[in-house]
Each structure stands twice: as structure tokens, then as C-alpha cells.
Colleague: 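Take a look at this one; I'll ask things after.
Being a predicted model, the structure only gives us computed values, none of them experimental.
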Amino acid sequence: MSITILGIESSCDDTSAAVIRDEVMLSNVIASQAVHEAYGGVVPELASRAHQQNIIPVVSEALKRAGVTPEDLSAVAFTRGPGLMGSLLVGTSFAKGFTTALNIPLVDVNHLQAHVMAHFIKRSPDDNTQPPFPFLCLLVSGGNSQIIKVESYNEMTVIGQTIDDAAGEAFDKCAKVMGLPYPGGPVVDRLAKEGNPKAFVLSKPHIPGFDYSFSGLKTSFLYLLRDKIKEDSDFIEKNKCDLCASLQTTIVDILMDKLYKAVKQTGIKHVAVAGGVSANSAVRAAFEDYARKYGWTVYLPPFSFTTDNAAMVAITGYYKYLDKEFCDIAKAPFARVEL
């Protein structure tokens, strides 16, 4: 008998619903929130209000595109955390009410685990591009920078992580001080294609093990701008592409250096990347370059699965459903947690 899972994602500023049947994605609907652009970052209260407006039409559209009715669902999987508490409460409350009305199981999903599991979403029944266990996954986003050893869908160990800021945050914050629009990461990526990555030398951290640090890089970038603007008030505008290229290259170098060390120490050469920063063209190029140089087998997610989406929640929920790992309706969402 087929297993049909509705996934709901509302951890930050994207309201998403998706339907997966037996690992194959039938729909994946995302409503983004443009309201935050004017503030240069996500405003939690505005985000939760937008989720309240979007959740019902997004779920309805996901069911419609999938060609299923609520009665066809086996369970509802939802992001329980980590994320913005107000945003999580909207998705959690809807999922609880929906499953109660349908009398079907409720499955809670860890947002970080879901990003890794995005690699297991099948776009067709004969899609066999999933990584084998064990594999390493570099999870990079606005809030997380981690190297994860993945032994199974429910056995993941963080062997390296940021001790301060995440790579995505470094992209966005440095873009902001240059006066670029939010979110800054994609803008930096676009401008970097026209710049010289060796134009400016930025600080790289010396952190032991596989852990990351990006706070020093942000400070180094800020001081560079401060000193150069004293000499030329139009420095940023004149050197915008070179600044973006230098920043992007430095961030990617930091990420790949630790990942290379992790591969070398563990001996695991199946390597995946996940999270919003996995859409960055330089990150993808670096993965392909390392695959050629060092014999890695790399797994790059489709662009539609890099940002927050409900398909990754639904596929994680599918595997938890198989193991009957259901969520008690009394459980509350959580803002912070690790794998």
C-alpha cells in the first residue's frame, strides 16, 4: 500500500507544503515573503504573520498539484525546529489540527536533518541519484555551517561546526555593509562572476579540528572597507565585483579546507552538500573540482531543494513513518537544537 506524506515547513520566512508518495515528490509549493527585503533581514513578527496568511492556501495548492485529497494522506510531517519560534508555531499548530481532524499520525522533523535528507527526494520512480551510507554532508546556510557524518537517515553525527557565525550569515552581513539588497548571498554570487577573486586578501581563521569560524572574516572585510573608504569614498562602487569575488572565494576556501580534512581522516569519499549556500555557484564548482582532483563522488542538490522547502520535511517524515516514529500532539516546537 502506498504511503503518502504531507510535509509542512515554516521554520523561517518561507511557507512551504509538499506531498511525497513512496519517496517520489508529487508537489512542492513555496510562498516566499518579500516583506523582509526593506529591513535587510527577517523580522520574526512579520514572518509569523505571513505564515498565518499563507499556510492554508499553500497546503491547498500542494494537495491540488499532487492530485490527492486530505483523506489520501498517511501522515503529516512538520518542522518542529530549530527556527523562529513564532514561525514554527504556525506550522506546528496547523499540522496538529489537520492530523487531529483526519485522525492520522503526526511526525515531527528536525530542520537540519531534513536538509541532509533532501538528497533522498525522488523526482521520478526511477531516480537513483541518492548517496549511499555512510557519506559526509556539508550543511551550509544562513544559520548553520556543519560537517555531518551520515550513517543512516536517523544516525547523523556532527563532526565539525561553526563556533560563531555561519557561512550564509557572512555572505549576507558582508553584502549588507556594501549596500547590497537582502538576501545578499545570491547578489554576491552574481557580482563575483565579473570580479577578480584575488583582488583582496581577507582573514582566514585557524581553528583546530573540523570546526569553522566566520566572525573574523566579517571583521576583516569590514576593516578593509573602512580603510579603503577613507582613501576613496566611492571605493565600494568602483570595486564591488572584485570585493564580492574575493569574499566568495575566501568563504569557499574555508569551507572546502575543513571538508577535505574530514574526508581524508574518515576515508569517506561520498560527499554531499545541503542548505541554502549549496546553491552558490562557487561552492558547486569547488565540489566538482575536488571530485576531479581527489576522486570524490559528490552529490549536489537541485536548486529547488537547497533553500527551505517542505519536500525535504516530507521525505524525512516518510522514513520516520516507516519506523513508526510518531509525534505526541502535546509536544511543542523548539527554537534551538542540534542533530
Colleague: Which class fits the ring pair Tyr290 and Trp296: parallel under 30°, tilted 30 to 60°, perpendicular over 60°?
Modeller: tilted

Colleague: Find out if a path of hydrophobic residues (ILVMFWY) with successive side-chain heavy-atom gaps under 4.5 Å connects Phe94 to Ile5.
Modeller: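 In one cluster: no.
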
Colleague: Between Phe200 and Phe235, is the ring centroid distance below 6.0 Å?
Modeller: yes

Colleague: Within a 6.0 Å radius of atom CD1 on Ile56, are there more than 12 heavy atoms belonging to other residues, nucleotides or ligands?
Modeller: no

Colleague: How many angstroms lie between atom NZ of Lys240 and atom CG of Leu180, to the nearest 0.5 angstrom?
Modeller: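 Interatomic distance, Lys240 NZ to Leu180 CG, rounded to 0.5 Å: 5.5 Å.
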
Colleague: Supply the atom-to-atom distance Thr92 OG1 to Asp108 CG, rounded to the nearest 0.5 angstrom.
Modeller: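 Interatomic distance, Thr92 OG1 to Asp108 CG, rounded to 0.5 Å: 9.0 Å.
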
Colleague: Between the side chains of Thr316 and Gln113, is a donor N or O closer than 3.5 angstrom to an acceptor N or O?
Modeller: no

Colleague: Just how far is it from atom OG1 of Thr162 to atom CG of Asp211, taken to the nearest 0.5 Å?
Modeller: 8.0 Å

Colleague: Do Asp127 and Ser124 get their side chains close enough for a donor-acceptor pair, meaning under 3.5 Å?
Modeller: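 The criterion, which ignores hydrogens and geometry beyond distance, is not satisfied for Ser124 and Asp127.
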
Colleague: What's the spacing between Ser278 OG and Leu138 CG if we round to 0.5 Å?
Modeller: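 The OG atom of Ser278 sits 9.0 Å away from the CG atom of Leu138.
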
Colleague: Looking only at heavy atoms, which two atoms of Val252 and Ala286 are closest? And how far apart?
Modeller: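 Shortest heavy-atom separation between Val252 and Ala286 comes out as CG1-CB, 3.7 Å.
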
Colleague: Checking Thr306 side chain against Ala279 main chain: does a donor-acceptor pair fall under 3.5 Å?
Modeller: no

Colleague: Checking Asp189 side chain against Ser281 main chain: does a donor-acceptor pair fall under 3.5 Å?
Modeller: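 Confirmed, Asp189 side chain pairs with Ser281 backbone.
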
Colleague: Between Asp22 and Ile3 (side chain of the first, backbone of the second, donor and acceptor by atom type, cut-off under 3.5 Å), is there such a pair?
Modeller: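 A pair under 3.5 Å: yes.
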
Colleague: Please determine which of Leu202, Thr250, Leu247 meets the side chain to side chain contact (heavy atoms under 4.5 Å, CB included) test together with Ser220.
Modeller: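 Answer to the side chain to side chain contact (heavy atoms under 4.5 Å, CB included) test with Ser220 among Leu202, Thr250, Leu247: Leu202.
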
Colleague: Is it the case that atom CD in Glu325 sees more than 12 heavy atoms from other parts of the structure closer than 6.0 Å?
Modeller: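 Yes, CD of Glu325 has more than 12 neighbouring heavy atoms, counting only those of other groups under 6.0 Å.
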
Colleague: Before you tell me yes or no, could you show the steps for Leu300 and Phe305 under side-chain contact (heavy atoms from CB on, under 4.5 Å), namely the whole-Å CA-CA distance, both residues' side-chain angles and the distance that decides it to 0.1 Å?
Modeller: CA-CA 10 Å; Leu300 305 174; Phe305 299 153; over 6 Å; no

Colleague: Apply side-chain contact (heavy atoms from CB on, under 4.5 Å) to Ser145 and Glu169, showing your working.
Modeller: CA-CA 10 Å; Ser145 294; Glu169 182 184 356; over 6 Å; no

Colleague: What is the minimum heavy-atom distance between Ala62 and Ser27, and which atoms define it?
Modeller: O-OG, 2.7 Å

Colleague: So, Glu61 and Arg65, do they make that salt bridge, N to O below 4.0 Å?
Modeller: yes

Colleague: With sequence neighbours excluded, what pairs up with His270 under the side-chain hydrogen bond (donor to acceptor under 3.5 Å, both in side chains) test?
Modeller: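 Applying side-chain hydrogen bond (donor to acceptor under 3.5 Å, both in side chains) to His270 gives Tyr299.
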
Colleague: Do any N or O atoms from the side chain of Arg80 and from the backbone of Phe334 form a donor-acceptor pair under 3.5 angstrom?
Modeller: no

Colleague: Of the options Thr79, Thr15, Asn28, which is the one that meets Glu9 in a side-chain hydrogen bond (donor to acceptor under 3.5 Å, both in side chains)?
Modeller: Thr79

Colleague: Can you tell if the side chain of Leu63 reaches within under 4.5 Å of the side chain of Pro70, non-hydrogen atoms only?
Modeller: yes

Colleague: Is it the case that the side chain of Asn103 and the backbone of Thr100 share a donor-acceptor pair, with hydrogens and angles ignored and the cut-off at 3.5 Å?
Modeller: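 Flag not set: sc Asn103 to bb Thr100 has no pair under 3.5 Å.
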
Colleague: Over all heavy atoms of both residues, which pair between Asp172 and Gly185 is shortest? Give the atoms and the distance, please.
Modeller: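 Taking every non-hydrogen atom into account, OD1-N, 2.9 Å.
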
Colleague: Looking at Lys204, I'd like to know if its NZ atom is crowded, meaning that more than 12 non-hydrogen atoms belonging to other residues, nucleotides or ligands lie closer than 6.0 Å.
Modeller: yes

Colleague: Is the side chain of Lys258 donor-acceptor paired with the backbone N or O of Phe210 at a distance under 3.5 Å, no angle test?
Modeller: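 Answer holds: no.
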
Colleague: Between Arg49 and Glu45, does any NZ, NE, NH1 or NH2 come within less than 4.0 Å of an OD or OE carboxylate oxygen?
Modeller: yes

Colleague: With side-chain contact (heavy atoms from CB on, under 4.5 Å) as the test, would you mind laying out the steps for Ile147 and Tyr212 before giving the verdict?
Modeller: CA-CA 9 Å; Ile147 300 174; Tyr212 290 112; 3.5 Å; yes

Colleague: Can you establish whether the number of heavy atoms outside Lys122 located under 6.0 Å from its atom NZ is more than 12?
Modeller: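 For Lys122, atom NZ is crowded (more than 12 foreign heavy atoms under 6.0 Å).
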
Colleague: Does either side chain, that of Asn280 or that of Gln248, offer a donor lying less than 3.5 Å from an acceptor on the other one?
Modeller: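 Indeed, the side chains of Asn280 and Gln248 share at least one donor-acceptor pair under 3.5 Å.
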
Colleague: Taking atom types as modelled, is there a side-chain donor on Asn144 or His115 under 3.5 Å from an acceptor on the other?
Modeller: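 Asn144 vs His115: no donor-acceptor pair found between side chains.
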
Colleague: Counting distance only, does the side-chain N/O of Asn309 pair as donor-acceptor with the main-chain N or O of Met312 below 3.5 Å?
Modeller: yes

Colleague: Quick one: does Ser141's side chain have a donor or acceptor within less than 3.5 Å of a partner on Gly275's backbone?
Modeller: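 No: the side chain of Ser141 does not pair with the backbone of Gly275.
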
Colleague: Taking all heavy atoms of Asn110 and all of Pro82, pick out the closest pair and write down the distance.
Modeller: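 That would be OD1-CD, 3.9 Å.
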
Colleague: Show the nearest heavy-atom pair for residues Asp308 and Ser11, with the distance to one decimal.
Modeller: OD2-OG, 3.7 Å

Colleague: For the residue pair Phe326 and Tyr321, is the inter-centroid distance of their aromatic rings smaller than 6.0 Å?
Modeller: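 Judged by ring-centre distance (under 6.0 Å), Phe326 and Tyr321 do meet the cut-off.
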
Colleague: Tell me if a side-chain donor or acceptor on Lys320 pairs with a main-chain N or O of Asn154 at a distance below 3.5 Å.
Modeller: no

Colleague: What is the distance from atom OG of Ser74 to atom CD1 of Ile104, rounded to the nearest 0.5 Å?
Modeller: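 One gets 7.5 Å once the value is rounded to the nearest 0.5 Å.
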
Colleague: Determine, using the 4.5 Å side-chain heavy-atom cutoff (strictly less than), whether Tyr318 and Val150 are members of one ILVMFWY cluster.
Modeller: yes

Colleague: Checking Asp234 now: which residues fulfil side-chain hydrogen bond (donor to acceptor under 3.5 Å, both in side chains) with it, not counting sequence neighbours?
Modeller: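 side-chain hydrogen bond (donor to acceptor under 3.5 Å, both in side chains) list for Asp234, sorted by chain: empty.
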
Colleague: Quick one: does NZ or CZ of Arg226 land under 6.0 Å from the six-membered ring centre of Tyr223, within 45 degrees of the ring axis?
Modeller: yes

Colleague: Assess, by modelled atom type and distance only, whether the side chains of Asp14 and Ser16 contain a donor and an acceptor separated by less than 3.5 Å.
Modeller: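 Ser16 and Asp14 do not have a side-chain donor-acceptor pair below 3.5 Å.
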
Colleague: Of all the heavy-atom pairs spanning Thr249 and Pro197, show the shortest one and how long it is.
Modeller: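 That would be OG1-CB, 3.0 Å.
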
Colleague: Donor-acceptor check, side chain of Thr266 to backbone of Ile268, threshold 3.5 angstrom: yes or no?
Modeller: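 Here the side-chain-to-backbone pair exists.
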
Colleague: Any Lys/Arg nitrogen of Lys293 or Asp289 sitting under 4.0 Å from an Asp/Glu carboxylate oxygen of the other?
Modeller: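 Salt bridge between Lys293 and Asp289, a charged N being under 4.0 Å from a carboxylate O: yes.
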
Colleague: Ignoring hydrogens and angles, state whether a donor on the side chain of Asp165 or Ser215 is under 3.5 Å from an acceptor on the partner side chain.
Modeller: no

Colleague: Working note: Phe98 + Phe78, criterion side-chain contact (heavy atoms from CB on, under 4.5 Å); need CA distance, chi angles, decisive distance, verdict.
Modeller: CA-CA 11 Å; Phe98 207 51; Phe78 72 101; over 6 Å; no

Colleague: Would a 4.5 Å heavy-atom cut-off, applied to side chains only, mark Val107 and Cys327 as touching?
Modeller: no

Colleague: What's the separation between atom CE in Met256 and atom NZ in Lys261, rounded to the nearest 0.5 Å?
Modeller: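 So the CE of Met256 and the NZ of Lys261 are separated by 13.0 Å.
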
Colleague: Hydrogens and angles aside, do Ser2 and Arg21 bring a side-chain donor and acceptor to less than 3.5 Å of each other?
Modeller: no

Colleague: Linking I/L/V/M/F/W/Y whenever any side-chain heavy atoms sit under 4.5 Å apart, do Leu222 and Ile251 land together?
Modeller: yes

Colleague: Run the side-chain hydrogen bond (donor to acceptor under 3.5 Å, both in side chains) test on His51 and Ser10 for me, step by step, so that the C-alpha distance in whole Å, both residues' side-chain angles and the decisive distance to 0.1 Å come before the verdict.
Modeller: CA-CA 7 Å; His51 282 302; Ser10 67; 5.0 Å; no

Colleague: What do you reckon, is NZ of Lys264 surrounded by more than 12 foreign heavy atoms closer than 6.0 Å?
Modeller: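 No.
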
Colleague: Does the separation of the ring centres of Tyr153 and Phe120 fall below 6.0 angstrom?
Modeller: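 When the ring centroids of Tyr153 and Phe120 are compared, they turn out to be at least 6.0 Å apart.
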
